[in-house]
Amino acid sequence: MNVPVPFSSIYRADGDIAYGRDGNAAWEAFEEVIGLLEGGSAVCFASGMAAISAVLETLPAGAKVVAPADAYSGTRRFLADAAARRRLSVQLTDVGDTQATLGACSGASLLWLESPTNPLMTIADISALCDGGHALGASVVVDNTFATPLLQRPLELGADVVVHSVSKFLSGHSDLIMGVAVTRDPGWLDQLRSRRSLHGGIPGVLDAFLALRGVRTLVLRIERSQASASELARRLDTHPEVRVVHYPGLPADPGHALAARQMRGFGAMLSFEVAGGREAADLVCASVKVCVHGTSLGGVETLIERRQRWAGEESLPPGLLRLSVGIEDVEDLWSDLEAALATR
Ligand SMILES: *Cc1c(COP(=O)(O)O)cnc(C)c1O
C-alpha cells in the first residue's frame, strides 16, 4: 500500500530512471497526489524557496516581475537580491487592487500572486488578474501555501504555475522542509524539471514519503483548523483588547465576498492587532501556554508570532499577531488566548 522508499542514488541501466537527481518512485508518488489535487503536473523541490527560485530562474536576464508588496518574505528577499544584481526588474504592488496590479504589469514577463497574503490576509482576484496579466503577455504564478488546493485551485482560475511550501499545511507536522510547483503547461513542466536537475534543489526520498503521509490527513486537519480559526476570529473580533482581526471569513472583512467566490473555505490563518501595540503583543506571545510562540505555519500545533519583529516587516503594525491555527480543542485555544490577552 505504501510506496517503498528508494534509498538509492543509482539505478541499473535497463530501467526508466538513471540517477536519483532526475527522479525516483518516492517523488513520483507525492507528485501524483499533488498534481491531482491542483489539477496539473507536479514537480517537487528541496523547499518552498527551491520551487520559487526554480520558477523565477526560468526568466531571462532583465525580465520584469510584478509581485505582492506583502509577499512571503523569502520571495521578496529573492526578488530584491535579483533586482540588486540587475538580473530581474521588480515592481511591488497591492494585489488586493486589481487595477493597480494590472497597471504595474505592462512590459512584465511574470505576475507573482499570493492570496490570502501574509500576514494581512489580503485577497487577490486570481481569475481577473490571470486574464488581465495574460492579455499583457505576463505568465501568472500563484503561491498557494496559505490556502492549499483543498480551498483554492489557481490553475482552474487561469494561473500558469502554482507553488507551495510543502513544509506548511501539505506535510502538516512541522517535521520537514520541502516544496512543489504544479503546472498544466508542457513548456513550464519541462522548464521546472530541468531547473530541478540543473540547480540540484532536490528533496530527500524520506521527506517525500513523510510529506505524502502528511497529505493523507490534509482534509481532516484543514477542516478542524479552519473551523477553529473561524471561531477564534469571531471571538477575537469582539474582544476589547483587539483592535482589528484580519480573516476573510469575517463578513465585514474587505476580502470576504471575493474569498467566498474564489475559495472553498477561508482557511486556518488569521492575524489580529492587539490594542496595546508592541508591548502588549509581546506579552501575549510570552504568556500563551497552549499556542506555541514561534514562526512558520500549517502544522497541527497553533503558532503565534508578532510579525513586525522580523527584518523586512517594518511596515506592519507593531501590535500585529499572526496565528496559524492547529488542531487542538478550540476551547483550550480560546482560554489560552483570553488569559494571554488579560496579562498585564
Ligand atoms: C514558508 C513559505 C514559503 C517558503 O517555503 P520553505 O519550504 O520554507 O522554503 C513560501 N511561501 C509561503 C507563503 C510560505 O509560507
Side-chain angles (χ1 to χ4, degrees), residues 27 30 34 38 42-57 65 67-82 92 95-96 110 112-124 126 141-152 154 159 161-182 192 195-196 199-204 207-208 210-211 214-215 218 221-222 225 229 246 248 263 267-271 294-299 301-305 307 310 312-313 316 322-326:
W27 296 357
F30 175 78
I34 302 301
E38 285 288 4
V43 183
C44 61
F45 287 89
S47 64
M49 281 310 297
I52 288 165
S53 54
V55 170
L56 292 170
E57 286 295 332
V65 177
D70 56 350
Y72 172 66
S73 57
T75 307
R76 261 187 296 141
R77 282 206 304 275
F78 184 100
L79 291 171
D81 175 70
L92 300 180
V95 293
L110 197 123
W112 192 273
L113 296 177
E114 283 176 30
S115 184
T117 65
N118 174 23
L120 291 171
M121 308 298 293
T122 305
I123 305 295
I126 296 174
V141 180
V142 177
D143 183 333
N144 205 26
T145 301
F146 268 38
T148 84
L150 295 186
L151 306 181
Q152 174 169 284
V161 181
V162 167
V163 297
H164 280 280
S165 169
V166 175
S167 329
K168 314 296 169 55
F169 289 103
L170 291 180
S171 65
H173 296 76
S174 312
D175 53 5
L176 60 89
I177 290 183
M178 202 173 134
V180 71
V182 198
L192 292 166
R195 284 313 108 192
R196 181 175 64 187
H199 298 173
I202 60 163
D207 283 351
L210 289 172
V215 172
L218 179 63
R221 290 183 283 106
I222 289 284
S225 296
H246 303 283
M263 302 176 75
M269 298 296 301
L270 63 97
S271 62
T295 195
S296 196
L297 57 118
E301 63 287 310
T302 296
L303 283 161
I304 190 166
E305 72 164 330
R307 285 302 294 176
W310 293 103
E313 302 283 15
L316 290 172
R322 185 182 75 182
L323 204 60
S324 167
V325 181

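Just the heavy atoms: all of them, side chains too, but no hydrogens, waters or symmetry mates, feed the values below. Numbering of ligands and ligand atoms starts at 1, following listing order. All residue numbers in this chain count up from 1 along the given sequence.
- The heavy-atom pair separating Val166 from Ala211 by the smallest distance is CG1-CB, 3.8 Å.
- The nearest protein atom to atom 10 (C) of ligand 1, hydrogens excluded, is given as Tyr72 CD2, 3.3 Å; this is a heavy-atom distance.
- The nearest heavy-atom contact from the protein to atom 11 (N) of ligand 1 is Asp143 OD2, 2.7 Å.
- When every heavy atom of Ile126 is checked against every heavy atom of Leu113, the shortest pair comes out as CA-CD1, 4.5 Å.
- Taking only nitrogen or oxygen atoms, main chain and side chain alike, Met49 reaches within less than 3.5 Å of ligand 1.
- The contact set between ligand 1 and Ile52, taken as ligand atoms under 4.0 Å from a residue heavy atom, comprises 10 (C).
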side-chain contact (heavy atoms from CB on, under 4.5 Å) between Arg322 and Asn118, worked out: CA-CA 9 Å; Arg322 185 182 75 182; Asn118 174 23; 2.7 Å; yes

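- Scanning both residues, Arg221 and Leu170, for their nearest heavy atoms gives NH2-O, 3.2 Å.
- Near Leu297, the atoms of ligand 1 lying under 4.0 angstrom from a non-hydrogen atom of the residue are 15 (O).
- Closest approach of Ser115 to Ala147, counting heavy atoms only: O-CB, 4.3 Å.
- Considering backbone and side-chain N/O atoms, Ser167 comes within less than 3.5 Å of an N/O atom of ligand 1.
- Using modelled atom types, one finds a donor on one side chain and an acceptor on the other under 3.5 Å when comparing Glu301 with Ser174.
- At a 4.0 Å heavy-atom cut-off, ligand 1 does not touch Val166 at all.
- Residue Met178 approaches ligand 1 through these ligand atoms, each under 4.0 Å from one of its heavy atoms: 7 (O).
- Minimum interatomic distance between Gly294 and Glu305 (heavy atoms only, all atoms of both residues): O-CB, 3.5 Å.
- Distances from ligand 1 to the non-hydrogen atoms of Asn118 include no value under 4.0 Å.
- At under 3.5 Å, a nitrogen or oxygen of Gly48, whether backbone or side chain, sits near a nitrogen or oxygen of ligand 1.
- Shown in contact with Ser47 at under 4.0 Å from a heavy atom are these atoms of ligand 1, numbered in order with element: 7 (O), 9 (O).
- The atoms of ligand 1 that sit less than 4.0 Å from any heavy atom of Lys168 are 1 (C), 2 (C), 3 (C), 14 (C), 15 (O).
- With sequence neighbours left out, Ser225 forms a side-chain contact (heavy atoms from CB on, under 4.5 Å) with Ala268, Ile327.
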